[in-house]
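Chain naming here is simple, since letters A, B, ... match the order of the sequence lines and numbering starts at 1 in each.
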Protein chains: 2
Amino acid sequence: MPGGIQLTRQREAVLMVLKEAEKHLTAQEVYDRVRQRLPGTAYGTVYNALAYLQSVGLVQAFNIGNGPALYDRRIDRHDHLRCLQCGEVIDYSLSGLDQVVERVARETGYQINRARLLFEGLCPKCQKSKEVRP
Amino acid sequence: MPGGIQLTRQREAVLMVLKEAEKHLTAQEVYDRVRQRLPGTAYGTVYNALAYLQSVGLVQAFNIGNGPALYDRRIDRHDHLRCLQCGEVIDYSLSGLDQVVERVARETGYQINRARLLFEGLCPKCQKSKEVRP
DNA sequence: CTTGATTTTGTATCAAGTCTAAATTCATAA
DNA sequence: TTATGAATTTAGACTTGATACAAAATCAAG
Ligand SMILES: [Mn+2]
Ligand SMILES: [Mn+2]
Ligand SMILES: [Zn+2]
Ligand SMILES: [Zn+2]
């Protein structure tokens, strides 16, 4: 059956780890968790699996600053906010992005396939702790 | 005079290289060009200079995918488009971003300091070369 | 000048990610 | 079932971008 998705035990473990993750994970974090359910899994295999799962659309990844890539439990198109104080990275879906993308395409001649939006600032919690010492 | 900007010869060279650059440069590219006008400059000094110049607002940098950071000749707020075919990265200023940022802040409670927007797709040239072999 | 702070240099080190060849697993079918 | 070849995993070396460090050089005050 050509075109099917090959889910080996290792790839499945990676997928499960991501599905059960409470946040965005680095490859290293995925590796650590995968080895809890599938000890002996090689570091490179996690990278291979993550690349494969991305290529078949089962996993999304993105980069922030010059840190390691973050792998996403979510698979739908969405954006991210990062707190510059505590480093928290949360999901956010900007509505009405289609019109924006269309405008960018019209004004630049580019055919836009993807938009990566990252908003940086202070999370509500860190805003409060700043109030104390302004 | 405290608060002034310290421009050493090395930092000045880095700044000049960026000002005269025809595109976004990696640290390695900055290093190569700096050494043409200031041979003997150390690799680390270029990194130090780039970090310092960023800290005083004379240089901007951003990251794309997991590649090296790109240093920008432009210093005003702007966005980027990348061609997934040829790798070209161009500048683009999305107008009306303020309202978007305001909406994000309102909906999430974050205080937004910065928005990094990256649009990915095909540049006009690469669209044409795709037409030939669809 | 003298002194202390800042910066640069040269080198070592680090982290994230990629590559490779051998071993293993897997799919297919004789 | 067993044979065969393709795909995947493993283990470890390697690459790249970036950072850390101590000694030397430069710079700014006094
Ligand atoms: Mn996400
Ligand atoms: Mn730019
Ligand atoms: Zn925070
Ligand atoms: Zn192109």
Side-chain angles (χ1 to χ4, degrees), chain A residues 1-18 23-56 58-72 82 87 89, chain B residues 1-18 23-56 58-72 82 87 89:
Chain A
M1 187 188 285
I5 292 177
Q6 292 290 63
L7 273 198
T8 63
R9 278 181 310 131
Q10 290 84 350
R11 288 170 180 173
E12 206 159 0
V14 166
L15 205 48
M16 278 307 134
V17 162
L18 280 176
K23 62 176 180 74
H24 302 97
L25 300 181
T26 65
Q28 180 68 58
E29 287 169 333
V30 172
Y31 171 77
D32 292 340
R33 297 179 189 203
V34 162
R35 283 183 67 97
Q36 287 180 355
R37 50 176 85 205
L38 216 61
T41 303
Y43 190 71
T45 299
V46 171
Y47 270 98
N48 281 345
L50 288 169
Y52 174 80
L53 293 169
Q54 281 184 84
S55 75
V56 299
L58 288 176
V59 163
Q60 280 191 8
F62 61 99
N63 287 85
I64 268 182
N66 59 2
L70 293 181
Y71 293 88
D72 211 313
R82 170 165 65 154
V89 175
Chain B
M1 187 187 286
I5 292 177
Q6 290 290 63
L7 273 199
T8 64
R9 279 182 307 133
Q10 290 83 351
R11 288 172 180 170
E12 205 161 0
V14 166
L15 204 49
M16 277 305 134
V17 161
L18 281 175
K23 62 178 180 74
H24 303 96
L25 300 182
T26 65
Q28 179 69 57
E29 287 169 333
V30 173
Y31 171 76
D32 291 341
R33 297 179 188 203
V34 162
R35 282 183 65 96
Q36 287 181 354
R37 49 176 86 207
L38 217 60
T41 303
Y43 191 70
T45 300
V46 170
Y47 270 98
N48 282 345
L50 288 168
Y52 174 79
L53 293 170
Q54 280 184 86
S55 75
V56 298
L58 288 177
V59 162
Q60 281 191 7
F62 60 99
N63 286 86
I64 267 181
N66 58 1
L70 293 181
Y71 294 88
D72 211 314
R82 171 166 64 156
V89 176

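With a 4.5 Å cut-off on side-chain heavy atoms, Val89(A) and Phe62(A) count as touching.
Closest to the Thr8(B) side chain, of the nucleotides dT9(C), dT7(C), dG17(C), is dT7(C). The Ala42(A) side chain lies nearest to dT10(D) when the options are dT10(D), dT9(C), dG17(C). Side-chain proximity of Pro68(A) to dG17(C), dG17(D), dT8(D): nearest is dG17(C). Minimum atom distance to the side chain of Tyr47(A) is reached by dA16(C), of the listed dA16(C), dT9(C), dT9(D).
Nucleotide dA15(C) holds its P atom 18 Å from the CG atom of Asn63(A), rounded to whole Å. Atom pair Leu38(B):CG and dT8(C):C1' shows a separation of 11 Å (rounding to whole Å applied). Going from atom OH of Tyr52(B) over to atom P of dT6(C) covers 12 Å, rounded to whole Å. The CD atom of Glu12(A) sits 15 Å away from the C1' atom of dT8(D) (whole-angstrom rounding). The CD-P distance, from Gln28(B) to dT15(D), rounds to 15 Å in whole Å. Distance CG (Leu7(A)) to P (dA27(C)): 11 Å, rounded to an integer number of Å. Computed from coordinates, the Tyr31(A) OH to dA16(C) P distance equals 13 Å when rounded to whole Å. The CD atom of Glu29(A) sits 11 Å away from the P atom of dG17(C) (whole-angstrom rounding).
For the pair Arg35(B) and Arg11(B), both in contact range of DNA chain C, the more 5′-proximal nearest nucleotide belongs to Arg11(B). The nearest heavy atom of DNA chain D to Asn48(B) and to Ala27(B) marks one nucleotide each, and the one closer to the 5' end goes with Ala27(B). Nearest-nucleotide assignment on DNA chain C puts the 5′-proximal partner with Thr45(B), out of Thr26(A) and Thr45(B).
Residue contacts shown for Gly67(B) are absent, as no nucleic acid heavy atom lies under 4.0 Å away.
For the residue pair Asp32(B) / Gln36(B), no side-chain donor-acceptor distance below 3.5 Å is found, with atom types taken as modelled.
When all heavy atoms of Val46(A) and Ala27(A) are compared, the pair lying nearest together is CG1-O, 4.1 Å. Taking each heavy atom of Leu15(B) and Leu7(B) in turn, the nearest pair found is CD2-CD1, 4.2 Å.
The side chain of Gln10(B) places an N or O atom within less than 4.0 Å of a non-bridging phosphate oxygen (OP1 or OP2) of dT9(C).
Atom CG in Leu18(A) sits 6.5 Å away from atom CG in Leu50(A) (nearest 0.5 Å).
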